[in-house]
K.L.:
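Pasting in a structure now, in structure tokens, and then I'll have a few things to ask.
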Amino acid sequence: AQKVTQAQTEISVVEKEDVTLDCVYETRDTTYYLFWYKQPPSGELVFLIRRNSFDEQNEISGRYSWNFQKSTSSFNFTITASQVVDSAVYFCALSGSGNTGKLIFGQGTTLQVKP
Amino acid sequence: DAGVTQSPTHLIKTRGQQVTLRCSPKSGHDTVSWYQQALGQGPQFIFQYYEEEERQRGNFPDRFSGHQFPNYSSELNVNALLLGDSALYLCASSLGSNSGPQPQHFGDGTRLSIL
């Protein structure tokens, strides 16, 4: 069975602090894909990143960075120098082998960035 | 370039009724997936349509059905509505690919309330 666990339900930080959102996944597939999505209050899920299981290089995009560690089945997301606009619910998701792209989502982490 | 559009935005129904939700995919996308998101939870995969056929289905009863039209737009139908069907229904579109699941682009969702 495939499963995604985001143990942090809510995180509150003060603007300019760094924050890391944890994601742990379970799958028996050897080929799989991991995603992060952001859901602001408007409801639309915004795609942030896709990573396949063969690419363990960490990735940085502006203030965002992702740490993929296959050995611990984790795909953590760090926001550096957080801003109030980063406040949202963040979802980690898993898609197994095959091209259908069915996403298995975690429960989400609500991030509140206070000014 | 229009993104994924869903209609209606909000809908109120009573138990036992039937509902149809509509989705137009992002321009150039040929695959449509539907998700149900209960309050405070991650989205749950309902099914996916590609080339006007249901390609994969999640763990939802037959009361949930769908359709994809030649222009790639899609409908989600739910019969015999239950109180537990109250949720945000998200439509996502993507481009079919042989190089793994592509990022899905989500609409703003339809908020369905059952009284």
Side-chain angles (χ1 to χ4, degrees), chain A residues 1-10 21-25 27 29-55 59 61 66 88-111, chain B residues 2-6 8-10 21 23 25-26 29-51 53-60 68 87-112:
Chain A
Q2 297 182 322
K3 185 179 179 182
V4 175
T5 301
Q6 294 179 255
Q8 304 150 308
T9 304
E10 292 185 22
L21 310 181
D22 297 334
C23 172
V24 174
Y25 61 91
T27 181
D29 291 333
T30 52
T31 302
Y32 52 89
Y33 294 79
L34 296 164
F35 300 79
W36 275 94
Y37 282 85
K38 173 182 179 180
Q39 188 174 40
S42 61
E44 176 186 357
L45 282 154
V46 178
F47 166 76
L48 297 177
I49 189 172
R50 179 186 86 149
R51 175 54 52 87
N52 74 53
S53 52
F54 296 107
D55 182 3
E59 182 159 339
S61 176
W66 291 269
V89 182
Y90 290 86
F91 290 97
C92 179
L94 167 69
S95 184
S97 58
N99 295 317
T100 64
K102 167 188 173 181
L103 292 172
I104 307 295
F105 284 88
Q107 295 286 79
T109 297
T110 300
L111 173 64
Chain B
V4 179
T5 58
Q6 292 186 242
T9 305
H10 294 89
L21 310 182
C23 172
K26 180 179 170 67
H29 286 183
D30 56 9
T31 303
V32 173
S33 302
W34 287 92
Y35 294 82
Q36 180 195 66
Q37 186 178 19
L39 202 60
Q41 304 293 317
Q44 299 288 315
F45 177 79
I46 302 175
F47 42 53
Q48 184 182 85
Y49 278 84
Y50 174 69
E51 293 188 341
E53 291 195 358
E54 183 181 289
R55 182 158 71 171
Q56 191 171 10
R57 188 179 184 92
N59 189 25
F60 279 80
Q68 185 179 34
L88 180 67
Y89 288 84
L90 294 164
C91 172
S93 72
S94 56
L95 184 60
S97 168
N98 291 325
S99 59
Q102 298 302 302
Q104 295 182 24
H105 295 255
F106 285 79
D108 289 341
T110 294
R111 174 73 61 187
L112 176 63

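Each chain gets a letter, A, B and so on, in the order its sequence line appears, and its residues count up from 1.
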K.L.:
With only heavy atoms counted, which part of Gln37(B) is less than 4.5 Å from chain A, the side chain, the backbone, both or neither?
P.N.:
side chain

K.L.:
Where do Pro103(B) and Arg50(A) come nearest, in terms of heavy atoms and distance?
P.N.:
CD-CD, 4.3 Å

K.L.:
Between Leu90(B) and Gly43(A), what is the shortest heavy-atom contact and its length?
P.N.:
CD2-O, 4.1 Å

K.L.:
Below 4.5 Å from any heavy atom of chain A, which atoms of Gln56(B) appear? Answer side chain, backbone, both or neither.
P.N.:
side chain

K.L.:
Calculate, to the nearest 0.5 Å, the distance between atoms NZ and CZ belonging to Lys102(A) and Arg57(B) respectively.
P.N.:
11.5 Å

K.L.:
With rounding to the nearest 0.5 Å, note down the distance linking CD in Gln102(B) to CZ in Phe35(A).
P.N.:
8.0 Å

K.L.:
Please flag which part of Tyr35(B) lies under 4.5 Å from any non-hydrogen atom of chain A: side chain, backbone, both or neither.
P.N.:
side chain

K.L.:
Using non-hydrogen atoms only, which part of Gln39(A) is less than 4.5 Å away from chain B: side chain, backbone, both, or neither?
P.N.:
side chain

K.L.:
Going from CD on Gln44(B) to CG on Leu103(A), what distance comes out if it is rounded to the nearest 0.5 angstrom?
P.N.:
11.5 Å

K.L.:
Write down the atom of Gln104(B), the atom of Phe47(A), and the distance for their closest heavy-atom approach.
P.N.:
O-CB, 4.3 Å

K.L.:
Can you label the angle between the Tyr37(A) ring and the Phe106(B) ring as parallel, tilted or perpendicular, going by 30° and 60°?
P.N.:
perpendicular

